[in-house]
Amino acid sequence: MKLIRNIPLLPALVGAILLIIYAITRIGLAVYTGFDAVPLSLWPGILVKGLFFDLAVASALLAPVLLYEAIVPNRWRASRVHHVVRMAWLWGSIALLLFGAVAETTFWMEFSTRFNFIALDYLIYTHEVIGNILESYPVGWILGGIAALAALIAGLIRKPVIRADSIPVSRSQRLGLAISAIALPSLLLSFASIDQMEGQGNAYADELSGNGLFTLAAAMRRNELDYDKFYRTMPQDVADVTLKKLGVQRQPLLADGGQASPEPISYKTPFVRRPRNVVLISVESLSASYLGAYGSDKGLTPNLDEIARKGMKFEQVFATGTRTVRGLEALSLGTPPVPGQAIVRRPNNDHLATIGEMLEHQGFNTFFFYGGYGYFDNMNAYFSANDYRIVDRTDFPKETIMFENVWGVADEALFDNVLRTMDNKTASEKPFFAHVMTTSNHRPYTYPDGRIDIASPGGRSGAVKYTDYAIGKFLKDAESRPWFKDTLFVIVADHCASVAGKSKLPVESYHIPLIFYAPGLLKPGSYAPLMSQVDIAPTLLEVLGKKGEEEFFGRSVFAEGPAPQRAFISNYQELGYLRNGILTVLLPKKRVESYRIDPKTYASTPTAVDPQLVNETIAFYQTASRAFKAGALKAPYYVKH
């Protein structure tokens with residue numbers, strides 16, 4: 001007992017406080033998520049696994065404290081100055097732990113996951129992220145509450161800490177503390193792996209089992225996931241043949257792989273005549289479920305619903321990922337999402353076979369419009385390196401910006417500047433392709449007053465309705481332009497508003513709207529077959545009658561014969577392939593899972609793996625990843641294959 005009393009109290013107290021805060025955070029997130037999503041039967045596993053990860057993190061965080069206790073002289077420990085410094089450090093440590101819990105809570109409310117790849121990206125763009133937080137939450141009150149609660153906890157344990165400091169630490173205790181500081185984190189962290197979070201058959205439960213700092217560290221290590229190292233592979237010549245049989249027009253990755261040039265494909269489009277121009281609007285976080293045209297009864301999208309009625313609505317389109325960069329990658333490059341970082345943010349992503357690059361070399365003016373600062377997520381660098389002219393927030397005349405928040409100008413200001421640019425002589429001399437990326441449908445969900453019947457900030461519903469208003473206004477204003485009658489307007493989401501679900505890849509959370517609108521050019525109608533975001537770029541090239549469709553992994557949906565009827569959905573490490581009602585998922589450590597998808601609700605049920613679908617999944621993702629690394633995604637005139 002004497003030995004126990006003489007062990008410095010601070011590491012034990014900090015460790016206990018740390019574990020309590022982590023446990024309360026975990027339980028709070030589970031309650032917030034709901035008992036339907038996280039049944040009580042899963043809680044024991046969540047709490048036991050969670051304690052393991054918390055102990056691993058605690059061992060690393062406490063290592064400096066243990067080392068300090070091992071080296072601080074006994075004569076300093078009892079001094080008044082040391083007590084003051086000690087209590088200040090203790091208060092700060094508790095405040096940081098509480099701040100981390102609050103940060104995890106806000107992140108969970110947005111993404112329903114622990115800190116991950118997205119959180120890692122956000123650490124780079126502090127201006128937008130901090131600004132978003134300041135505009136979305138009462139930061140002053142939150143920080144004040146954290147400081148007060150930390151002071152209360154520190155005050156409650158002040159006397160025991162000071163009393164313990166008066167007890168000398170022996171040499172043997174110092175040696176034990178030093179050894180513990182090195183051995184404990186080495187032991188626990190060597191046995192802990194992010195993959196151990198999985199196994200409960202419920203994505204929420206798996207995420208809750210983890211620890212935010214641990215998952216953030218894991219995301220740092222897996223920033224660039226090498227496909228061949230982490231995922232199941234197949235001989236590349238077999239992959240090339242598989243893709244050819246699935247109708248992929250790209251040249252084989254291996255010189256002797258696959259077959260000779262593919263058979264010519266015939267097309268039958270619903271257009272009365274070909275459009276001269278294209279305006280592609282990728283709308284921030286617009287799930288299909290928000291639109292009345294896709295079954296919503298909330299009345300948030302009267303303009304888009306009318307546009308869908310007068311244009312062509314695509315019923316089953318799925319985003320490739322959960323981030324804007326994934327949507328931009330799919331819409332411009334038409335490639336399945338490679339694991340790890342999106343190509344938009346990778347080195348050596350210049351002069352790729354993007355739709356803008358190819359159209360620019362066929363006589364088009366190509367533009368990328370963004371309502372925010374285009375340095376975010378490397379957008380400006382990527383699009384400029386692929387022969388788009390960049391027009392972002394910095395290029396808009398101040399008098400045209402009637403409202404802005406940290407993410408960007410109001411969508412109507414963005415669209416007004418699109419009109420201004422398209423109206424000038426430079427744009428009218430040639431046909432144009434304009435990719436427009438909106439920002440208003442994003443937290444903090446603020447927009448100009450007086451436009452819609454939901455006051456700002458109106459939450460996600462208000463932001464969706466304002467975005468609908470802005471798109472409707474843009475198309476109405478465009479009608480008076482001489483180029484309108486020759487222009488195809490494409491409205492699509494970059495990704496959905498949320499990817500939360502009981503499975504890692506909840507299919508319903510990737511369902512996005514796609515509408516083609518071109519009065520006088522396009523017959524109204526709908527397209528029912530399943531398709532992917534990666535099919536949009538080759539479809540647009542075919543509609544325009546331009547070359548380059550064979551550079552994409554996607555395929556024009558207007559090709560005669562059976563439709564591809566498949567989609568690619570992913571997060572940064574799970575790679576999904578939806579075909580024949582089965583979602584096949586490739587995971588790190590060369591694992592494969594399979595789920596049967598309900599055709600109406602998109603609910604998933606685990607099922608036996610289909611070897612043929614596994615081969616198709618590997619062929620697409622392996623080839624896309626290797627093609628980028630080998631430079632085979634470059635435009636054909638830039639690098640000879």
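Along the sequence shown, the residues carry numbers beginning at 1.
Side-chain atoms of Tyr382 and Ser332 include a donor-acceptor pair closer than 3.5 Å. In this model, a donor atom of one side chain and an acceptor atom of the other lie less than 3.5 Å apart for Asn417 and Thr400. If you check the side chains of Tyr466 and Glu412, you find a donor sitting under 3.5 Å from an acceptor. Looking only at atom types and distance, the side chain of Ser456 has no donor-acceptor partner in the side chain of Asp449 under 3.5 Å away. There is a side-chain donor-acceptor pair under 3.5 Å between Asp468 and Asn303. No side-chain donor from either of Asn378 and Arg346 sits under 3.5 Å from a side-chain acceptor of the other. One side chain, Asp387 or His361, offers a donor N or O that lies under 3.5 Å from an acceptor on the other. Between the side chains of Ser285 and His442, no donor-acceptor pair is found at a separation under 3.5 Å. Under 3.5 Å, the side chains of Asn380 and Asp392 contain a donor-acceptor pair of N or O atoms.
For Phe620 and Tyr577, the ring centers sit closer than 6.0 Å to each other. Aromatic pair Phe115/Phe107: centroids less than 6.0 angstrom apart. Between Tyr510 and Phe568, the gap from one ring centroid to the other reaches at least 6.0 Å. Ring centers of His511 and Phe318: under 6.0 Å apart, within the cut-off.
Atom CG in Leu575 sits 7.0 Å away from atom OH in Tyr227 (nearest 0.5 Å). Within the model, atoms CD1 of Ile491 and CG of Leu280 stand 10.0 Å from one another, a figure rounded to the nearest 0.5 Å. Atom OG in Ser282 sits 9.0 Å away from atom CD in Gln533 (nearest 0.5 Å). Once rounded to the nearest 0.5 Å, the distance linking CG of Leu291 with CD1 of Ile512 reads 11.5 Å. How far CG of Leu286 is from SG of Cys496: 8.5 Å, rounded to the nearest 0.5 Å. The distance from the CZ atom of Phe403 to the CZ atom of Arg451 is 9.5 Å, given to the nearest 0.5 Å.
Of the possible donor and acceptor atoms, one in the side chain of Gln362 sits under 3.5 Å from a partner among the backbone N and O of Met358. Formation of a donor-acceptor pair under 3.5 Å by the Asn571 side chain with backbone atoms of Gln573 is found in this model. Although no hydrogens or angles enter the test, the distance criterion places no donor-acceptor pair under 3.5 Å between the side chain of Arg579 and the main chain of Arg566. Under the 3.5 Å distance criterion, the side-chain polar atoms of Glu549 are matched with a main-chain donor or acceptor of Ser556. No side-chain donor-acceptor contact under 3.5 Å links Gln622 to the backbone of Thr617. Judged by distance alone, with hydrogens and angles left aside, the side-chain atoms of Thr320 form no donor-acceptor pair with the main-chain N or O of Ile569 at under 3.5 Å. A donor-acceptor distance shorter than 3.5 angstrom exists from the side chain of Asp305 to the backbone of Gly292, with no hydrogens or angles considered. A donor-acceptor pair under 3.5 Å is absent between the side-chain atoms of Glu315 and the main chain of Tyr527, judged by distance alone. Between the Ser136 side chain and the Ile133 main chain, no donor and acceptor come within less than 3.5 Å of each other. Between the Asn386 side chain and the Asn349 main chain, a donor and an acceptor come within less than 3.5 Å of each other.
Relative ring orientation between Phe271 and Phe558 is described as perpendicular, the plane-to-plane angle rising above 60° on a 0-90° scale split at 30° and 60°. Using cut-offs of 30° and 60° for the angle between ring planes, the Trp407 and Phe376 rings count as perpendicular.
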Applying side chain to side chain contact (heavy atoms under 4.5 Å, CB included), run through Leu414 and Val436 and close with a yes or a no. CA-CA 8 Å; Leu414 167 66; Val436 185; 3.7 Å; yes
Would you check, one step at a time, whether the test side chain to side chain contact (heavy atoms under 4.5 Å, CB included) holds for Phe628 with Thr335? CA-CA 10 Å; Phe628 176 72; Thr335 184; over 6 Å; no
Show your working on ring pair (Phe, Tyr, Trp, His ring centres under 6.0 Å) between Phe314 and Phe516 and close with a plain yes or no. CA-CA 8 Å; Phe314 295 78; Phe516 281 11; 4.8 Å; yes
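Residues Leu541 and Phe552 form a side-chain contact, since some pair of their non-hydrogen atoms from C-beta on lies under 4.5 Å apart. In this structure, the side chains of Tyr137 and Arg443 come closer than 4.5 Å at one or more pairs of heavy atoms. At least one side-chain heavy atom of Leu522 sits under 4.5 Å from a side-chain heavy atom of Pro270.
A salt bridge links Lys634 with Asp350; the closest basic N to acidic carboxylate O contact falls under 4.0 Å. With respect to Asp411 and Lys473, no salt bridge is recorded, no charged nitrogen being found less than 4.0 Å from a carboxylate O. Between Arg393 and Glu404 there is a salt bridge, with a side-chain nitrogen of the basic residue lying less than 4.0 Å from a carboxylate oxygen of the acidic one. Ion pair Glu329/Arg326 flagged as a salt bridge, since at least one NZ, NE, NH1 or NH2 atom sits closer than 4.0 Å to an Asp/Glu carboxylate oxygen. The pair Asp494-Arg323 does not meet the salt-bridge criterion, since no charged nitrogen lies less than 4.0 angstrom from a carboxylate oxygen. Look at Asp416 and Arg420 and you find no salt bridge, because none of the NZ, NE, NH1 or NH2 atoms lies under 4.0 Å from a carboxylate O.
Residue His435 forms a side chain to side chain contact (heavy atoms under 4.5 Å, CB included) with just one option from Thr366, Ile355, Thr354, Leu331, and that option is Leu331. Between Phe553 and the options Leu333, Leu633, Asp535, a side chain to side chain contact (heavy atoms under 4.5 Å, CB included) holds for only Leu633. The ring-ring contact (aromatic ring centres under 6.0 Å, His included) test with Phe474 is passed by exactly one of Tyr517, Phe369, Phe415: Phe415.
Cation-pi geometry between Lys313 and Tyr294 is met: the NZ or CZ atom falls under 6.0 Å from the ring centre, inside 45° of the normal.
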